[in-house]
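Computed from a prediction, not measured in an experiment: that's the story for all the values here. Letters A, B, ... mirror the listed sequences (proteins, then strands); counts begin at 1.
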2 protein chains.
Amino acid sequence: MDFEKENSAGYLVNHMARLFAKELQHHIAPLGIVVGQFPVLLELWLKDGVTQKDLLARIDVEQATLANTLNRMERDGLIKRTKNPADARAQLIWLTEKAAALRNSAYESAQNVNSQALQVLTEPERAQFMDYMRRVISGIRSS
Amino acid sequence: MDFEKENSAGYLVNHMARLFAKELQHHIAPLGIVVGQFPVLLELWLKDGVTQKDLLARIDVEQATLANTLNRMERDGLIKRTKNPADARAQLIWLTEKAAALRNSAYESAQNVNSQALQVLTEPERAQFMDYMRRVISGIRSS
DNA sequence: TATTATTGCATAGCTTGCTATTCAAGTGTA
DNA sequence: TACACTTGAATAGCAAGCTATGCAATAATA
């Protein structure tokens with residue numbers, strides 16, 4: 001029995017993810033943000049003044065991971081936290097001006113990375129690839 | 001302008017990779033190994049008694065990452081290192097009996113994870129999916 | 001109302017990845 | 001042969017992910 005890593009979905013998925021992350025990292029480094037902050041920023045650009053719990057519901061990472069990322073974002077001046085009048089355990093998370101201003105450049109970086117990475121696929125192939133990924137994700141999650 | 005993460009290849013790729021890793025982690029934990037050791041073991045099962053440099057040429061991680069993984073594997077009794085008569089800077093890396101014995105179970109775990117994860121795709125879709133991933137990987141690497 | 005259970009976050013400690021740097025051993029050359 | 005260059009690994013230090021645990025505030029209940 002043999003195991004060929006190039007025929008292992010998990011191996012390819014992991015490899016691909018590291019390449020994507022590295023690429024995005026290079027693109028957004030000049031903006032002063034890092035890859036792990038990206039999903040958080042995406043949500044906060046849509047709506048800030050929310051609790052950690054709200055954010056958590058929209059981002060698929062563990063609570064502890066999010067808490068640590070938020071700490072680094074506060075340290076880096078990307079977010080601020082204020083008291084939550086409704087619940088003293090939670091705080092409200094707000095973007096700083098600085099972070100708010102990065103939105104369009106960040107969107108653009110991400111889109112550049114995505115389209116560059118997928119340029120080896122034709123348009124219909126890209127759509128199919130995305131569809132496969134969404135199916136695989138929800139398949140694993142619901143198993 | 002808006003950015004929908006479900007339409008972002010990078011987002012999906014990252015998410016999918018974390019799900020795969022978590023799944024594999026659960027499957028191989030009983031064997032006493034962890035996901036980062038998997039690629040190293042795969043190579044060493046094919047051929048051990050090699051240098052770190054040899055391994056590095058076959059695994060797509062940075063040298064420092066591999067060095068750290070090897071240290072943990074030595075700590076965990078999965079590998080041993082012996083002097084390299086040909087070059088005093090390098091050492092030869094050998095699997096322990098324990099690690100050698102894990103091979104078939106580990107292959108099986110990985111294959112189970114892969115086929116479970118891809119079960120939402122039909123056979124031709126799976127092949128296409130793998131093909132897309134290989135193309136995307138080599139596209140990014142060569143850009 | 002006092003106690004218990006739940007909930008929202010924080011913290012500890014680990015792995016896996018990265019970049020950058022250091023260092024000793026080997027190689028090549030003036 | 002001495003000096004500089006290169007190369008194989010190790011180390012430092014950080015990010016981002018995880019599990020497990022702790023803790024204070026809130027909610028539910030006896």
Exercise for review: Identify the heavy atoms of A:Lys47 and A:Val50 that sit nearest to each other, and give their distance.
Suggested key: NZ-CG1, 3.8 Å
Check your understanding: Can you name the nearest heavy-atom pair linking B:Glu6 to A:Arg134, along with the distance?
Key -> O-NE, 3.0 Å
**Study point:** Donor-acceptor contact present, side-chain B:Thr96 to main-chain B:Leu78, <3.5 Å
**Key:** yes
Point to revise | Distance, rounded to the nearest Å, where B:Gln37 contributes CD and C:dG17 contributes C1' | key: 14 Å
Check your understanding: With nearest nucleotides of DNA chain D determined for B:Arg81 and A:Val34 from heavy-atom distances, which residue corresponds to the more 5′ nucleotide?
Key -> B:Arg81
Practice item. Taking only the side-chain heavy atoms of B:Asp87 (C-beta and beyond), determine which of D:dA16, C:dG26, D:dG17 contains the nearest atom. Key: C:dG26
Review point. Can you name the closest pair of heavy atoms from A:Asn114 and B:Ser8 and give their distance?
Key: ND2-OG, 3.0 Å
Exercise for review: Look at B:Arg75 and C:dT15 and indicate whether a side-chain polar atom (N or O) is within less than 4.0 Å of OP1 or OP2.
Suggested key: yes
Practice item. Return the orientation label for the A:Tyr132 and B:Tyr132 ring planes: parallel under 30°, perpendicular over 60°, tilted otherwise. Key: parallel
Review point. Does a nitrogen or oxygen in the side chain of A:Gln25 sit under 4.0 Å from OP1 or OP2 of D:dA15?
Key: no
Point to revise | Atom-pair distance (NZ on B:Lys53; C1' on C:dG26), nearest Å | key: 12 Å
Review point. Roughly how many Å is it from CG in B:Asp54 to C1' in D:dA9, rounded to a whole number?
Key: 13 Å
Exercise for review: May I ask you to say what B:Thr51 touches in the nucleic acid, namely base, sugar-phosphate or nothing, with a heavy-atom cut-off under 4.0 Å?
Suggested key: sugar-phosphate
Review point. Between A:Leu41 (CG) and D:dA15 (P), how many Å, whole number?
Key: 15 Å
List the atom pairs, donor and acceptor, that lie under 3.5 Å between side-chain atoms in residues 24-33 of chain A and the rest of the protein, sequence neighbours left out.
| unit_1 | atom_1 | unit_2 | atom_2 | d |
| --- | --- | --- | --- | --- |
| A:His26 | ND1 | A:Lys22 | O | 3.4 |
| A:His27 | ND1 | A:Glu23 | O | 3.0 |

Review point. Start at the 5' end of DNA chain D and walk down; is the nucleotide closest to A:Thr69 or to A:Ala86 reached first?
Key: A:Thr69
Exercise for review: Calculate the interatomic distance between B:Leu92 atom CG and D:dG8 atom C1'; express it in whole Å.
Suggested key: 13 Å
Study note, to complete from the structure: Across all chains, not counting sequence neighbours, the salt bridge (charged side-chain N to carboxylate O under 4.0 Å, His left out) partners of A:Arg141 are A:Asp60
Study note, to complete from the structure: From OH of A:Tyr11 across to C1' of C:dT16 the rounded distance in Å is 14 Å
Practice item. Would you mind reading off the distance between A:Arg72 atom CZ and C:dT11 atom C1', rounded to a whole angstrom? Key: 13 Å
Practice item. Could you check how far CG of B:Leu70 sits from C1' of C:dT15, rounded to whole Å? Key: 14 Å
Practice item. Between protein and nucleotides 18-24 of chain C, map the contacts as a letter string: B base, S sugar-phosphate only, - none, heavy atoms under 4.0 Å, written 5' to 3'. Key: BBB----
